[in-house]
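What's counted below: heavy atoms across the whole structure, side chains too, no hydrogens, waters or symmetry copies. Here is how names work: the chains are called A, B, and so on, in the same order as the sequence lines, proteins then strands, and each is numbered from 1.
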Amino acid sequence: MLPQTLFFIFRVMQDVKRIRENPESFDKAMESRNFRPVAAEIIDLDAKRREVIARLQQTQSRRNEIASAIGAAKKNGEDAAALEREAVEIKQAIPQLEKEEAAFAEKLNELLASIPNIPLANVPVGRDETANVCVRKVGEPPKFDFQPKPHYEIGEALGMIDFADAVKISGSRFTILRSQVAKLERALKDFMLDVHTKEFGYEEIGVPFLVNSECMFGTGQLPKFAADSFQTTDGRWLIPTAEVSLTNMVRDMIIPAAKLPIRMAAYSACFRSEAGAAGRDNRGMIRNHQFSKVELVSVVHPKKGEEELERMTKAAETILKKLGLAYRVMLLSTGDMGFSAEKTYDLEVWIPSENTYREISSCSLCGQFQARRMAARYKDESEKGFVSTLNGSGLAIGRTIVAILENYQLANGKVTIPEVLIPYMNGVKELG
RNA sequence: GGACAGAUGGUCGAGCGGUUUAAGGCGCCGGUCUUGAAAACCGGAGAGGGGGAAACUCCUCCGCGAGUUCGAAUCUCGCUCUGUCCGCCA
């Protein structure tokens with residue numbers, strides 16, 4: 001399942017050095033992520049591997065020496081038979097040593113590839129979402145003098161969201177948008193990209209929605225989370241987020257330090273199998289197999305990671321503010337963060353029908369975790385190293401539609417269009 | 001999908017079994033010269049890893065993966081990608 005296993009073999013070794021130096025704190029970090037302690041296992045495999053490498057290289061060195069000696073002898077017309085006999089003898093050991101080395105390397109890399117990123121020190125430690133910390137609340141949830149309806153009732157009553165036909169076409173967890181709500185999706189996409197490109201300096205990128213396995217490994221979906229994504233019959237993957245396409249643009253690159261930071265924004269459809277989500281959010285368009293999203297990705301100097309995370313989160317928040325939606329910012333706990341993240345803010349938008357906040361954006365600092373898997377490096381005269389990568393939704397469009405329908409619904413079943421979107425809706429001020 | 005051609009360092013490009021520790025040009029960095037610059041001349045410069053306190057030393061990498069050989073950028077096989085032409089197609 002690992003794409004080109006040896007492809008990343010040496011990149012992660014730097015990790016091992018750190019683990020070797022401080023196994024206790026590494027295991028502690030693993031525990032905080034609900035992962036088993038693996039430091040001892042790693043250190044052992046690494047030691048064995050290096051021992052084999054030492055022997056292998058000695059043998060190779062001797063082989064090269066003899067080969068040159070034979071070349072020199074032949075050139076001078078001397079007899080090389082004795083040397084050739086020795087060469088045959090010596091080289092017999094090499095394939096065996098190579099096999100041993102490869103076996104240890106594969107085990108080690110398989111293990112390393114399955115280990116989640118280490119949380120930053122300022123991330124709250126906890127098993128799950130109950131340990132998340134609310135950083136701030138922004139905006140006031142709207143007051144209704146009637147019982148606010150859920151988005152699927154509003155959309156269906158308007159004849160603008162169609163779940164029944166979606167089942168016929170594709171199955172459950174798909175949604176068909178019609179007329180002004182379909183238009184709303186397009187308006188949101190344009191609006192979000194405009195804000196991010198004009199106000200925050202992101203470059204707009206049009207990305208492929210199908211990617212190869214190396215990409216999925218680079219951003220951390222593979223090898224552990226293959227079941228969460230869809231794979232095509234020719235071995236490609238439908239992106240679960242444009243983060244995959246965007247972040248992998250710097251894969252296998254050595255970027256001049258002066259070119260950092262790199263900021264990219266892309267719209268994409270996102271595809272998720274939602275394996276394991278059976279029964280959750282079955283109604284409506286909260287949890288679909290396919291949804292629209294505008295994604296932000298930053299590639300920065302490793303020292304600028306946290307600063308960039310604040311900036312990116314602010315960019316995503318700006319969308320919610322401009323749309324006039326109430327939200328809160330949650331700092332995720334160690335147990336609730338994604339595999340590749342070392343610090344994550346979730347933006348949760350107010351959903352009136354549920355009388356609660358629901359996730360609409362997730363902004364994560366991945367540090368050098370993805371960069372190491374991708375061999376994404378930077379360099380200038382004085383220093384070099386792996387870059388830091390960040391990604392954040394800015395925002396999930398499907399859920400933004402949900403939030404607008406619910407927060408801007410009127411007693412008569414119509415829905416007001418937020419001021420900033422009216423130009424993007426060709427002047428339409430109201431749905432219905 | 002079919003046919004042919006190709007893949008070499010930042011880039012262009014030589015090499016087609018043994019001084020290749022990858023020629024040479026361009027670009028880049030440092031120096032000499034110059035008031036400064038250019039030109040000219042001299043020098044430097046890839047990535048990853050092992051050992052070592054260090055000086056240093058060794059290994060791997062010429063698209064990727066196998067193979068032949070004492071020795072592979074060079075020969076063989078498979079794959080991927082790129083180009084050109086044909087077919088199909090939004």
Distance below 4.0 Å between [X] side-chain N/O and [N] OP1 or OP2:
X         : N       : value
Lys74(A)  : rG71(B) : no
Lys379(A) : rA45(B) : no
Arg377(A) : rG48(B) : yes
Ser61(A)  : rC58(B) : no
Asn64(A)  : rU60(B) : yes

For [X], which contact category applies under a 4.0 Å heavy-atom criterion: base, sugar-phosphate, or nothing?
X        : answer
Ile70(A) : base
Arg85(A) : nothing
Ala67(A) : base

Sticking with atom [atom1], work out how far [N] lies from [M], rounded to a whole angstrom.
N       : M       : atom1 : result
rG17(B) : rG13(B) : C1'   : 22 Å
rG71(B) : rU19(B) : C1'   : 14 Å
rC75(B) : rG18(B) : P     : 12 Å

**Message:** Using a 6.0 Å distance limit plus a 45 degree cone around the ring axis, check whether Lys189(A) lies over the aromatic ring of Tyr267(A).
**Reply:** yes

**Message:** If I take atom CZ from residue Arg263(A) and atom CG from residue Leu246(A), how far apart are they, to the nearest 0.5 angstrom?
**Reply:** 14.5 Å

**Asked** Within the side chain of Asp336(A), is there an N or O that forms a donor-acceptor pair under 3.5 Å with the backbone of Arg127(A)?
**Response** no

Could you identify the nucleotide paired to [N], looking across every strand shown and requiring Watson-Crick or G-U wobble geometry with both distances under 3.5 Å?
N       : answer
rG18(B) : rC70(B)
rG36(B) : none
rU84(B) : rA3(B)

**Complete:** Ranking rA47(B), rU60(B), rC70(B) by distance to the side chain of Arg63(A), first place goes to rU60(B)

**Within residues 298-307 of chain A or reaching into it, pairs that qualify as salt bridge (Lys or Arg N to Asp or Glu O under 4.0 Å) - sequence neighbours excluded** = Glu306(A)-Lys343(A)

